[in-house]
Amino acid sequence: MKHGHVAAAVVGILMLSGVTAFAQGRPGSSAKQFKFKGGKIETGMLYTYDRSDLAGAKTGSVLVYVPDKKRVEILRVSPGAAEGQLLIGEWNWDAFSLRTFELWREGRDGGRSRLATGSFSSEALLVTVEDPSLYRGAQGAATFSVPLPQVPAHLSSLDFVTLGLALRHFGDPTVPVEVGILSENLKVGSDSPNLYVSLGKATVAFVEDVDRDGVTCGKFQLTGPALGDQEGFVWLHKERGYIQDVEIPIPAGPAWPDVKIVLRSVEKVSEADWPIRRSLEISGGGR
């Protein structure tokens, strides 16, 4: 993946189209509350989650693969679907969020088509939508930028997986930290043509160590403008730091009113075997 070329292309397109990427100025940053700890990243690990809404009416799966310390790949599959949605992202460990990403549609046979690319600057998320089907029939923007409400910033449509990975590097868990939350646009239209919009800030605070599904976990609470008057929770495995459970009461996309993911398995997988695992998960329809 040529992430630098993707970022440059997005910026160039935005400049040519007259889109102002940084109109709202530089966002606040909480990056100094994190400290990169290379030993906290378990490379070559595949984390498999069962996905549902909080009521349990919708189901699916999420596979999170960490090929090395700079990359993460996230596959989402819905029951009965003949394809999955794969995000391939590169980390920015100065901002403790993604630097760039590519969003793909992937079939059971491994065939893929790229849907969109994104690049985070210090002030905005810059996106090019290559497949208009992402807008589900609405007329959306081909290129756009969304000012970041805070750094680090995370996409809620990724089920807060990237937030969970970043929290492995939280400097002092006893001190709350603010992060920015971006979401898929639930009502794309002429007045709001972008695929992603800002929900605002969320405050992440460590609550306590608890037993979660028989596993000792650190429990983190999410509150603030991004969640309205509600609260969400992320449980991280106490020793190894990976996500054990997530419950977030805000939409993860137009078809998901809220989201819950629960760990199914953790295993070591080679990069050569990772495509096979994706194919098996898609063929199984997200179980």
Side-chain angles (χ1 to χ4, degrees), residues 45-66 72-89 101-116 129-138 140 154-165 182-188 195-196 212-215 230 232-235 237 242-267 269 273-287:
M45 299 303 295
L46 174 61
Y47 308 93
T48 302
Y49 297 89
D50 293 319
R51 186 181 196 233
S52 70
D53 62 342
L54 294 178
K58 301 178 67 67
T59 59
S61 63
V62 179
L63 274 61
V64 180
Y65 184 58
V66 183
V72 62
E73 301 191 12
I74 303 170
L75 176 72
R76 293 183 296 166
V77 182
S78 297
E83 56 194 23
Q85 192 175 90
L86 175 68
L87 178 134
I88 301 175
F101 66 83
E102 295 183 345
L103 192 62
W104 297 81
R105 179 187 294 114
E106 181 163 304
R108 297 171 182 172
D109 62 356
R112 297 195 306 190
S113 60
R114 196 164 67 178
L115 304 173
V129 175
E130 299 181 10
D131 189 335
S133 69
L134 282 175
Y135 286 112
R136 297 173 174 84
H154 298 277
L155 292 167
S156 66
S157 56
L158 298 179
D159 304 331
F160 289 81
V161 165
T162 57
L163 173 62
L165 292 169
L182 306 178
S183 168
E184 279 194 49
N185 190 351
L186 303 183
K187 297 181 179 179
V188 176
L195 180 64
Y196 299 113
R212 189 72 174 176
D213 302 321
V215 177
Q230 304 184 87
F233 295 96
V234 175
W235 290 265
H237 190 285
Y242 56 74
I243 292 174
Q244 181 73 25
D245 198 345
V246 169
E247 294 182 359
I248 304 292
I250 59 174
W256 289 80
D258 41 43
V259 69
K260 175 181 176 67
I261 63 172
V262 179
L263 185 70
R264 186 197 306 167
S265 65
V266 179
E267 58 189 302
V269 173
D273 288 339
W274 168 224
I276 299 172
R277 293 304 306 273
R278 297 199 305 268
S279 178
L280 290 172
E281 192 69 23
I282 295 169
S283 297
R287 294 184 59 170

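When a residue number appears, it is its place in the shown sequence, counting from 1.
The two residues Y49 and V64 make their nearest non-hydrogen contact at CE1-CG2, 4.0 Å. Scanning all heavy atoms of the two residues, the minimum distance from I248 to G232 falls at CD1-CA, 4.1 Å. Taking each heavy atom of S156 and I250 in turn, the nearest pair found is CB-CD1, 4.4 Å. What you find for A81 and R108 is that their closest heavy atoms are O-NH2, 3.7 Å. The two residues A116 and V129 have their closest heavy-atom pair at CB-CA, 4.1 Å.
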Worksheet item: Run the side-chain hydrogen bond (donor to acceptor under 3.5 Å, both in side chains) check on R105 and S133 step by step: do they pass?
Response: CA-CA 11 Å; R105 179 187 294 114; S133 69; 2.9 Å; yes
Worksheet entry | salt bridge (charged side-chain N to carboxylate O under 4.0 Å, His left out) between R112 and E102, intermediate numbers included | CA-CA 12 Å; R112 297 195 306 190; E102 295 183 345; over 6 Å; no
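Atom CG of L54 is separated from atom CG of D258 by 3.5 Å, given to the nearest 0.5 angstrom. Residue R51 holds its CZ atom at 12.5 Å from CG of L63, rounded to the nearest 0.5 Å. Taken to the nearest 0.5 Å, the CG atom of L163 stands 11.0 Å off from the CG atom of L158. Here the straight-line distance linking atom CG of L75 with atom CD1 of I282 works out to 5.0 Å at 0.5 Å rounding.
Here L186 pairs with P251, P254 under the side-chain contact (heavy atoms from CB on, under 4.5 Å) rule; sequence neighbours left out. In this structure V66 satisfies the side-chain contact (heavy atoms from CB on, under 4.5 Å) test together with I41, Y47, sequence neighbours excluded.
The main-chain N or O of K58 is found under 3.5 Å from a side-chain atom of D53 such that the two form a donor-acceptor pair. Formation of a donor-acceptor pair under 3.5 Å by the R76 side chain with backbone atoms of G60 is not found in this model. Listed for the Q230 side chain is a donor-acceptor partner under 3.5 Å among the backbone atoms of P249.
In this structure the side chain of Q85 reaches within 4.5 angstrom of the side chain of L115, judged on heavy atoms. The shortest distance between side-chain heavy atoms of D159 and I74 does not fall below 4.5 Å.
Aromatic ring orientation, Y196 versus F101: perpendicular (interplanar angle above 60°, classes split at 30° and 60°).
Taking the charged nitrogens against the carboxylate oxygens, K260 and D245 do have a contact shorter than 4.0 Å, which makes a salt bridge. A salt bridge is absent between R277 and E73: the closest approach of a Lys/Arg side-chain nitrogen to an acidic carboxylate oxygen does not fall below 4.0 angstrom.
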